[in-house]
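Contents: one structure, followed by commentary.
Each chain gets a letter, A, B and so on, in the order its sequence line appears, and its residues count up from 1.
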Amino acid sequence: MTPIRVRIAPSPTGFFHIGNAKTALINWLYARKTGGTFILRLEDTDTERSEAQYADIICEGLRWLGIDWDEGPAFGGEAERGALGPYRQSERREIHCREAQRLVDDAKAYRCFCTKEELDAERERAQAEKRPPRYSGKCRNLTAEQIAAMGDRPYSVRFRVPEGATVIEDLVQGSVRVENKEIDDFIIVKPNGDPVFHLAVVVDDGLMEITHVMRGDDHLTNAFRHVLLFNALGYKLPTFAHLPMVLDETGKKYSKRLHGANVLDWREDGYLPETIVNYLVLLGWTPEEEGRELFTRTELVEAFSLERLGKSAGKFDLKKLQWLNGQHIRMLSPEELRDKVLPILHKAGFDTSVKSQEWLTRMAAICQEKIPTLNEIVPYTDFFFVAPTAYDEKAVAKQWGKPYAAEHLASIIAAFEPISSWDHDTLKAAFEKLVADTGLALGQFVHPTRLALTGKSVGPGLFELTELLGKDESLNRLRAAAAFVRARGDAA
RNA sequence: GACCCCAUCGUCUAGCGGUUAGGACACCGCCCUUUCACGGCGGCGGCACGGGUUCGAUUCCCGUUGGGGUCGCCA
């Protein structure tokens with residue numbers, strides 16, 4: 001069996017699209033699963049749109065997702081590697097032109113002297129008359145004399161589409177067929193000598209000995225041209241697999257302008273890369289093991305198979321992504337979670353340096369079961385760093401609205417003051433004693449305390465949080481709350 | 001418009017001629033519980049439509065409808 005060689009060929013346009021990430025992931029998984037080679041090739045031939053720094057963004061996206069490559073260009077601070085380079089399409093111009101010339105020599109392609117203006121006019125006319133916009137075939141059969149007579153007029157090179165029909169045996173879409181007369185003689189080299197995508201991609205895939213071309217199914221109809229080119233150039237035809245695209249929540253093509261189109265948006269929003277990897281692969285692939293949805297990157301490599309790829313496009317579902325992220329957050333160790341969450345707290349303006357690593361780990365641990373995204377750490381822990389300046393109004397009405405509220409707070413304070421061993425179990429015991437002494441429900445003491453300590457009605461477990469907050473600070477906040485309640489009562 | 005692809009709960013999907021059409025997210029109850037969350041239990045909810053083929057179609061074929069894609073000297 002010949003070793004698997006797969007690739008992704010992103011165009012550096014400014015960001016790493018979620019759909020590209022999915023394609024990259026499927027290719028990467030297949031390479032890793034089979035012990036094959038995963039190649040990264042930059043399609044930067046559109047000199048007008050490509051910018052050098054854009055490539056780094058793709059690199060950052062791949063790195064974030066944990067997708068590494070075996071062959072690829074020098075970029076993102078890494079050296080070029082692989083024997084079949086260069087891996088930057090812009091550096092392969094000579095090769096593309098050489099191969100195009102070969103086609104011309106074999107009469108499989110020809111020079112076309114039509115100008116862009118002529119062709120545009122022709123296309124507009126066709127559209128106005130509601131005819132399919134087709135190339136007229138004007139230069140298809142020029143004689144050597146006619147070509148010579150053109151002198152040094154600029155020309156493009158067109159591929160001469162043969163008669164017959166073209167069939168793609170697609171791994172996911174099945175057998176797909178089209179009549180060649182539906183395909184125009186298409187341009188493969190521009191008048192300035194630049195190769196067009198269709199030529200470049202086929203030459204590169206052919207020469208880089210790509211065995212499986214797996215990409216978005218927006219390329220399915222392009223693939224007809226590509227197999228024509230593969231055959232004309234005499235390359236071995238790779239296996240094609242056109243993967244369904246990622247649609248936005250309304251079912252449309254995921255627009256670049258939409259938040260989330262850029263994979264790095266999800267990092268920004270507090271999602272784990274393993275969540276995105278897990279989610280993306282589930283959008284178009286199902287494991288053999290029925291019902292299983294939760295996978296680490298390593299488990300995916302193990303479970304992945306081409307056979308279970310689906311063929312219909314999937315809409316992006318934020319709710320499911322959030323759920324999945326919660327699952328992955330819970331798989332982290334408390335230390336890992338702490339390290340991921342600290343930068344977010346810093347960004348929110350909190351100084352965590354006053355706390356020990358051990359303390360911060362415990363803080364992360366008491367939130368681990370609760371937060372759906374990393375960013376949610378902020379509302380769950382902000383009160384540790386800044387005492388509440390206001391209390392949640394609805395909670396105030398509910399917990400402190402009763403005439404005996406001040407009295408309850410006072411008894412809580414009284415229960416806390418003598419505690420010498422300030423820990424979860426002791427605090428819990430103190431509350432239980434209050435319950436026993438008064439005959440009230442635990443919540444009657446817990447909720448007012450939470451409000452006093454955090455200013456909110458939701459958050460980590462109260463005993464855990466109180467322990468971490470410390471005795472002095474907890475009592476201060478309780479006293480401040482008692483004063484607040486008294487003032488409120490006097491006013492009313 | 002032409003060509004190509006797709007079509008099971010709201011969403012992601014399992015299913016590969018005979019199933020009470022299964023799971024997950026979401027949603028709604030209940031339980032657990034100091035809140036929230038987690039977890040557990042239960043519920044709601046689907047084979048787009050019309051023809052065939054067949055003893056029997058979610059499943060195979062054709063059409064319709066709907067969605068997507070491609071039709072560049074962009075990639």
When we call it a touch if two heavy atoms are under 4.0 Å apart, what does [X] touch: a base, just sugar-phosphate, or nothing?
X        : value
A:Arg123 : sugar-phosphate
A:Gly314 : sugar-phosphate
A:Ser156 : nothing
A:Leu220 : sugar-phosphate
A:Arg177 : sugar-phosphate
A:Thr115 : base
A:Asn222 : base
A:Leu283 : sugar-phosphate
A:Phe445 : nothing
A:Lys456 : nothing
A:Ile183 : nothing
A:Pro460 : base
A:Gln368 : nothing
A:Gly310 : nothing

Can you tell me the pairing partner of [N] across any strand shown, Watson-Crick or G-U wobble, with both distances under 3.5 angstrom?
N     : result
B:U33 : none
B:G1  : B:C71
B:G63 : B:C49
B:A24 : B:U11

From C-beta outward on [X], which listed nucleotide comes closest to its side chain: [options]?
X        : options             : value
A:Val458 : B:C73, B:C4, B:U35  : B:U35
A:His198 : B:C6, B:A75, B:A37  : B:A75
A:Arg308 : B:C73, B:C6, B:A14  : B:A14
A:Asp317 : B:G10, B:C73, B:A26 : B:G10
A:Lys190 : B:C74, B:U70, B:U35 : B:C74

Q. According to the interplanar angle, ranging from 0 to 90°, do the rings of A:His242 and A:Phe240 count as parallel (below 30°), tilted (30 to 60°) or perpendicular (above 60°)?
A. parallel
Q) What class does the angle between the rings of A:Phe159 and A:Phe186 fall in, given that below 30° is parallel, 30 to 60° is tilted and above 60° is perpendicular? A) tilted
Q: Go through A:Thr166 and A:Asn180 one step at a time and tell me if the side chain to side chain donor-acceptor pair (under 3.5 Å) criterion holds.
A: CA-CA 6 Å; A:Thr166 301; A:Asn180 287 1; 2.6 Å; yes
Q) Is the Lys NZ or Arg CZ of A:Arg158 less than 6.0 Å from the centre of A:Tyr110's six-membered ring, within 45° of the axis? A)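 No, cation not above the ring by the 6.0 Å, 45° rule.
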Q: Would you verify whether the NZ or CZ of A:Arg153 falls within 45 degrees of the ring axis of A:Tyr155 while also being under 6.0 Å from that six-membered ring's centre?
A: no
**Q.** Pair of N/O donor and acceptor under 3.5 Å linking B:A24 base with A:Lys320 side chain
**A.**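 Flag set: donor-acceptor pair detected.
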Q.
I want to confirm an ordering. Mapping A:Gly291 and A:Val178 to their closest nucleotides on RNA chain B, which one lands closer to the 5' end?
A.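 Of the two residues, A:Val178 wins.
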Q) A:Trp285 or A:Glu464: which one's nearest nucleotide on RNA chain B is closer to the 5' end? A) A:Trp285
May I have the distance from [X] (atom [atom1]) to [N] (atom [atom2]), rounded to whole angstrom?
X        : N     : atom1 : atom2 : answer
A:Asp218 : B:C71 : CG    : C1'   : 13 Å
A:Tyr54  : B:A75 : OH    : C1'   : 15 Å
A:His242 : B:C3  : NE2   : C1'   : 15 Å
A:Leu465 : B:C36 : CG    : P     : 15 Å
A:Arg225 : B:G72 : CZ    : C1'   : 9 Å
A:Arg88  : B:A75 : CZ    : C1'   : 16 Å

Q | Residue from A:Leu462, A:Leu451, A:Leu434, A:Ile412 passing side-chain contact (heavy atoms from CB on, under 4.5 Å) with A:Val446 | A | A:Leu462
(Q) Counting only heavy atoms not in A:Glu336 (residues, nucleotides, ligands), do more than 12 fall under 6.0 Å from its CD? (A) yes
Check whether any side-chain N or O of [X] sits under 4.0 Å from OP1 or OP2 of [N], and answer yes or no.
X        : N     : value
A:Thr221 : B:C71 : no
A:Lys311 : B:C6  : yes
A:Lys315 : B:U11 : yes
A:Gln327 : B:A37 : no

Q. How far apart are the C-alpha atoms of A:Arg215 and A:Thr23, what are their side-chain angles, what is the distance that settles it, and do they pass the side chain to side chain donor-acceptor pair (under 3.5 Å) test?
A. CA-CA 6 Å; A:Arg215 78 247 276 203; A:Thr23 302; over 6 Å; no
Q: For this output row, return yes or no: ring centroids of A:Phe463 and A:Phe431 closer than 6.0 angstrom.
A: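 Between A:Phe463 and A:Phe431, the centre distance is under 6.0 Å.
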Q) In whole Å, what separates the C1' atom of B:G45 from that of B:C28? A) 11 Å
Q) Given the C1' atoms of B:G42 and B:C32, what is the spacing between them in whole Å? A)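 Per the computed distance, 15 Å lies between those C1' atoms.
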Q: For A:Glu179, enumerate each residue passing the salt bridge (Lys or Arg N to Asp or Glu O under 4.0 Å) test, keeping only those at least two apart in sequence or located in another chain.
A: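 Checked A:Glu179 against salt bridge (Lys or Arg N to Asp or Glu O under 4.0 Å); matches are A:Arg177.
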Could you go over nucleotides 28-32 of chain B and give all protein N or O partners under 3.5 Å, atom names and distances?
none

Show me the donor-acceptor pairs, under 3.5 Å and distance only, between side chains in residues 317-324 of chain A and residues at least two apart or in other chains.
{"from": "A:Asp317", "atom 1": "OD1", "to": "A:Lys319", "atom 2": "N", "distance (Å)": "3.2"}
{"from": "A:Lys320", "atom 1": "NZ", "to": "A:Glu293", "atom 2": "OE1", "distance (Å)": "3.4"}
{"from": "A:Lys320", "atom 1": "NZ", "to": "A:Glu293", "atom 2": "OE2", "distance (Å)": "2.9"}

